[in-house]
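Working notes, structure below.
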Amino acid sequence: MHIDIRSLFQNPPLDTKVVVKGWVRNRRGNAYVTFISLNDGSTIHNLQIVAEAQDFAEQLIKQCTVGACLEVRGWFVKSQGKEQPFEVKAQEILILGHADAEKYPIQPKPHSFEFLREQAHLRMRTTTFGAVFRVRHHLAFAIHKFFNDRGFFYLHSPIITASDAEGAGELFKVTTLNLENPPRTAEGKIDFKQDFFGKEANLTVSGQLEAELAALALGKVYTFGPTFRAENSNTTRHLAEFWMIEPEMAFYDIHDNMNLAEEFLKYLIQYALTHCPDDLAFLDKRYAEEENKKKKEERSEMGLLEKLNFVLEHQFERLTYTEAIQILLDSPAHKKKKFQYEVAWGIDLQSEHERYLVEKYFKKPVILTNYPRKIKAFYMKQNEGEDVGKETVRAMDILFPGVGEIVGGSQREENYEKLLTRMKEVGINPEAMWWYLETRLFGTAPHSGFGLGFERLIQFVTGMNNIRDVIPFPRTPQNIEF
Ligand code: ATP
Ligand code: MN
């Protein structure tokens with residue numbers, strides 16, 4: 001059996017014979033000896049393979065090109081060099097897979113992330129992407145662990161749904177109708193009665209509504225699955241297919257909700273620091289190099305690891321939307337007309353406003369609550385006793401440095417009449433959502449929940465600037481090659 005390179009570094013079986021398998025990252029040497037850096041993905045560390053010319057046919061060594069896949073048998077020993085603690089003195093080398101050195105696109109030199117996105121089938125073989133996807137794995141695992149340890153149940157919400165009431169974004173339609181010649185109704189509209197499900201269906205934009213149904217039965221649940229939004233926003237923070245974690249808890253008010261979200265985020269960051277120290281140390285260095293390329297005034301004040309630890313050590317700043325607007329109105333940026341978008345009570349905060357609050361004013365994560373009712377979803381619990389036109393809902397959004405909104409959540413409206421009225425006001429057909437409304441008729445209860453964008457979390461933890469570089473195969477407008 002071969003052994004993972006990770007195990008060799010963790011528990012070095014010095015002076016024993018080992019079998020390793022992996023891909024050549026680099027190769028150097030001279031007429032007498034060749035040094036091969038081998039990586040098998042189990043760790044960020046490469047294993048040095050030492051092949052002496054006298055032991056191997058020249059032809060074989062020539063085929064150990066960058067990108068080739070090798071099986072190596074040899075002695076695992078302390079390294080003579082200072083660059084690495086161990087090495088394998090090769091006795092046998094088998095080429096499992098050749099790589100034409102002229103054609104292999106991933107060379108041992110820095111490649112731009114734009115270029116690597118076009119090589120998504122191979123980019124996981126680079127140091128940076130290996131690190132990012134190992135961190136991604138550990139965070140996904142930590143999410144299940146966090147909730148399982150606290151008595152939450154994992155709910156599999158559907159991916160295909162008929163509910164389009166979320167209003168969270170544009171929908172991807174799901175249909176088996178013949179697009180060339182779809183059946184039509186008497187009025188000339190497409191007749192979805194003849195479609196697979198007998199009505200219009202789409203890919204889910206959120207599992208929240210189903211999670212609410214489950215919370216009112218199982219108590220504390222969470223979903224963790226892919227969500228789809230056909231929003232045509234080409235930003236560094238939006239994907240058309242992304243993963244979301246949506247806990248939903250019966251008997252939680254908005255404060256319990258905020259406490260849980262803060263504890264959750266800190267747990268995940270701590271988990272990554274504990275379980276991915278080597279990958280994060282590399283990403284920290286990479287981040288520093290990236291920042292150094294920027295103009296001084298645009299550089300982040302903290303390094304990546306510093307930032308992660310800072311978030312762990314500080315309470316998130318909690319304030320209301322109304323207070324946030326006042327801070328923005330009083331800001332030098334506003335007075336000097338530096339904001340591109342206007343600031344006034346009732347606006348949907350733009351990313352420049354969020355950045356000012358998080359990065360300039362508080363310099364730490366911020367939880368904003370009690371947003372204007374008009375800019376938030378219909379299911380959010382309405383606050384009482386407010387002036388006409390200034391009604392608010394118990395929403396809570398968490399804003400993080402660099403990534404902006406990372407969590408969006410709220411206490412839910414549990415009152416049947418209020419929910420029904422609100423649905424009609426915003427033009428949602430209550431009949432289409434009778435099942436959702438019925439939970440408020442039969443044993444309704446106060447409850448709350450939130451959605452965490454998984455990729456935005458990974459962006460924050462890894463310091464990767466573009467959301468396309470934290471998901472293996474990003475889906476964005478005009479982009480579905482891999
Ligand atoms: P934004 O204003 O940034 O578009 P949103 O208000 O549409 O976010 P929600 O509907 O509240 O977001 O979704 C919950 C979380 O899902 C967000 O806080 C964010 O972390 C993440 N998210 C939302 N849209 C996307 C997207 N297109 N790609 C990746 N993550 C997303
Ligand atoms: Mn959005």
Side-chain angles (χ1 to χ4, degrees), residues 136 139-140 143 157 163-172 203-209 211-212 222-248 254 257-258 260-262 264-265 268-269 316 321 324 341 347-355 357-358 365-369 371-372 374-380 393-412 448-462 464-477 479:
R136 186 177 167 114
L139 285 171
I143 283 159
S157 47
S163 80
D164 58 354
E166 246 295 281
E170 294 295 313
L171 304 168
F172 286 103
L203 295 177
T204 184
V205 295
S206 153
Q208 181 202 317
L209 301 185
E212 281 189 55
Y222 69 104
T223 71
F224 184 4
T227 46
F228 308 87
R229 297 186 186 179
E231 48 198 357
N232 215 339
S233 44
N234 255 312
T235 76
T236 54
R237 307 177 305 129
H238 289 90
L239 292 164
E241 175 179 298
F242 65 100
W243 288 66
M244 190 148 53
I245 300 101
E246 295 180 277
E248 192 70 37
I254 187 173
N257 203 19
M258 286 193 276
L260 180 76
E262 181 166 347
F264 181 44
L265 287 166
L268 295 175
I269 292 168
F316 295 2
Y321 168 92
Y341 295 90
I347 60 156
D348 210 350
L349 293 179
Q350 297 294 325
S351 129
E352 55 174 356
H353 306 138
E354 297 180 347
R355 294 190 74 146
L357 291 169
V358 175
V366 168
I367 313 185
L368 287 184
T369 54
Y371 280 74
K374 282 209 183 90
I375 59 172
K376 286 293 183 184
F378 73 95
Y379 51 70
M380 295 190 180
V393 287
R394 282 191 208 169
M396 60 128 202
D397 281 4
I398 305 186
L399 313 178
F400 259 39
V403 291
E405 186 194 317
I406 194 162
V407 159
S410 71
Q411 186 169 341
R412 318 304 189 190
S448 300
F450 61 85
L452 166 66
F454 189 40
E455 283 76 18
R456 292 203 191 162
L457 170 75
I458 304 168
Q459 275 188 282
F460 183 73
V461 172
T462 60
M464 297 296 279
N465 175 55
N466 196 315
I467 198 165
R468 295 160 205 225
D469 296 331
V470 298
I471 189 164
F473 304 104
R475 300 287 179 251
T476 51
N479 172 25

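Quantities reported herein were computed from a predicted structural model and do not represent experimental measurements. Only heavy atoms go into these numbers, but all of them, side chains included; no hydrogens, no water, no symmetry mates. Start at 1 and go down the list; that is how both ligands and their atoms are numbered.
Between Met396 and Ala261, the shortest heavy-atom distance links the atoms CE-CB, 4.0 Å.
Close approach of ligand 1 to Gly451 (heavy-atom distance below 4.0 Å) involves ligand atoms 14 (C), 15 (C). Interface of Ile467 with ligand 1, defined as ligand atoms under 4.0 Å from a residue heavy atom, comprises 29 (C). Atom numbering of ligand 1 starts at 1 in the shown order; those under 4.0 Å from a heavy atom of Arg237 are 28 (N), 29 (C).
Within the set Val403, Asp397, Ile406, the minimum heavy-atom distance to atom 20 (O) of ligand 1 is found for Ile406. Of all the listed residues (Val407, Leu457, Leu239), Leu239 holds the heavy atom that lies closest to atom 28 (N) of ligand 1. The nearest non-hydrogen atom to atom 18 (O) of ligand 1, considering only Glu246, Glu405, Glu231, Arg229, comes from Glu405.
In this view, Arg136 and Glu455 satisfy the salt bridge (Lys or Arg N to Asp or Glu O under 4.0 Å) rule, not counting sequence neighbours. When the ring pair (Phe, Tyr, Trp, His ring centres under 6.0 Å) test is applied to Tyr222, the partners found at least two apart in sequence or on another chain are His144, Phe147, Tyr154.
Residue contacts with ligand 1 include Met244, since one or more of its heavy atoms lies under 4.0 Å from the ligand. Not a single heavy atom of Thr227 lies less than 4.0 angstrom from ligand 1.
Rounding to the nearest 0.5 angstrom, the gap separating the CD atom in Gln459 from the OG1 atom in Thr236 is 6.5 Å. Distance CZ/Arg229 to NE2/His238: 8.0 Å, rounded to 0.5 Å.
Aromatic ring pairs are classed by plane angle as parallel below 30°, tilted from 30° to 60° and perpendicular above 60°; the pair Phe450 and Phe264 is tilted.
The shortest N or O to N or O distance between Phe242 and ligand 1 is not below 3.5 Å.
Between Leu268 and the choices Val461, Leu452, Ile458, the side-chain contact (heavy atoms from CB on, under 4.5 Å) rule is met once, by Leu452.
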